[in-house]
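This report concerns only the one structure given below.
Order of the sequence lines sets the chain letters (A, B, ...), proteins ahead of strands, with each chain counted from 1.
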Amino acid sequence: MKPTEAIKIQKEFREKLTLEFPAVNVKKIAGVDVSFKDNFSFAIVVILSFSTLEVLEVKFFKRKIDYPYIPGLLSFREGPVFLNAWEKIKMEPDIVFFDGQGIAHPRGFGLAAHMGLFIEKPTIGVAKSKLYGVYEEPPQESGKYTYLYTKNNQKIGAVVRTVANQNPIFVSPGHLMDIENAVEMTLKCVRNHRIPEPTRLAHIYSQKVKKGELKEFEKGDQIRLI
DNA sequence: GCGACAG
DNA sequence: ATCTTGTCGC
């Protein structure tokens, strides 16, 4: 697909986003990440308990890379392989965290927003750096944050300090989500690292998968002696 | 034209 | 993202 065509699709589908979080009781959440090696991409989906952050299920999918990295078009590179892995998940998470932007995007349609429409689930974008928007540096204390705005002063996300004196992360809602809930839920997933658990674990697992060091599993699979 | 630019 | 080991710092 040509970039101009992909951009047209983003402008068309952003209209379908719902930036409101349905009042659901969040029990299980998911973290997604994609890694690359040679000519292959490896997508990982990790299911966690929202209250304990315990890992309940891990599934992955490998396929050839068929799209280049183009700023603003990340979902066309990582989306397909993610959807392949998503189909393997047996549990049904209430929220899905992605390693990238939600609506904090040039056309308001980043990876988390795009995938949210596909899977019809509330999604949140958690990026390590900014793609689009203007903001003021948040205070150095953990848990503090400032907002991300478009050039027209429209609020599109938050710049969150998850760990004191460490670089902030960029949080923005995808689909079926709002900024306040996105920030609140993201902070609840932070343990002792800058990156919240869903995305952090997905990243660790995806690194192991491409090295052939990870086996998929789901709760109950654990083999134990005794 | 110049700078910015998720992963 | 990836190419890559040890090393400085909280």
Please confirm whether the shortest side-chain N or O distance from [X] to OP1 or OP2 of [N] is below 4.0 Å.
X	N	value
A/Gln207	C/dT2	yes
A/Ser129	B/dG7	yes
A/Lys210	C/dA1	no
A/Lys130	B/dA4	no
A/Tyr69	B/dA6	yes

Neighbour count above 12 (heavy atom, 6.0 Å) for A/Asn39 CG: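 Counting other residues, nucleotides and ligands, CG of A/Asn39 exceeds 12 neighbours.
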Rounded to whole angstroms, how far apart are [atom1] on [X] and [atom2] on [N]?
X	N	atom1	atom2	value
A/Phe170	B/dG7	CZ	C1'	15 Å
A/Leu74	C/dA1	CG	P	11 Å
A/Lys62	C/dA1	NZ	C1'	17 Å
A/His203	C/dA1	NE2	C1'	8 Å
A/Phe40	C/dT2	CZ	P	15 Å
A/Lys128	B/dC5	NZ	C1'	15 Å
A/Asn165	C/dG9	CG	C1'	13 Å
A/Ile195	C/dA1	CD1	P	10 Å

Closest to the A/Phe36 side chain, choosing from B/dC5, B/dG7, C/dA1: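 Selected nucleotide (nearest to the side chain): C/dA1.
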Selection from B/dA6, C/dA1, B/dG7 that lies nearest to any side-chain heavy atom of A/Arg77: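 From the listed options, B/dG7 comes nearest.
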Describe the nucleic acid contact of [X] in one word from base, sugar-phosphate, nothing, applying a heavy-atom distance below 4.0 Å.
X	result
A/Ser41	nothing
A/Ile65	nothing
A/Gln101	base
A/Gly125	nothing

Ring-face cation of A/Lys88 near A/Phe60 (centre distance under 6.0 Å, axis angle within 45°):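 Yes, A/Lys88 and A/Phe60 form such a contact.
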Minimum side-chain heavy-atom gap A/Pro106-A/Leu131 below 4.5 Å: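 Of all side-chain heavy-atom pairs linking A/Leu131 with A/Pro106, at least one is under 4.5 Å.
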Close side-chain approach of A/Val46 and A/Val58, heavy atoms under 4.5 Å: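 Counting from C-beta outward, A/Val46 and A/Val58 do come under 4.5 Å.
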Salt bridge (charged side-chain N to carboxylate O under 4.0 Å, His left out) contacts in which one or both residues fall within residues 142-171 of chain A, not counting sequence neighbours: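 Of all non-adjacent pairs touching residues 142-171 of chain A, those that pass salt bridge (charged side-chain N to carboxylate O under 4.0 Å, His left out) are A/Glu137-A/Arg161.
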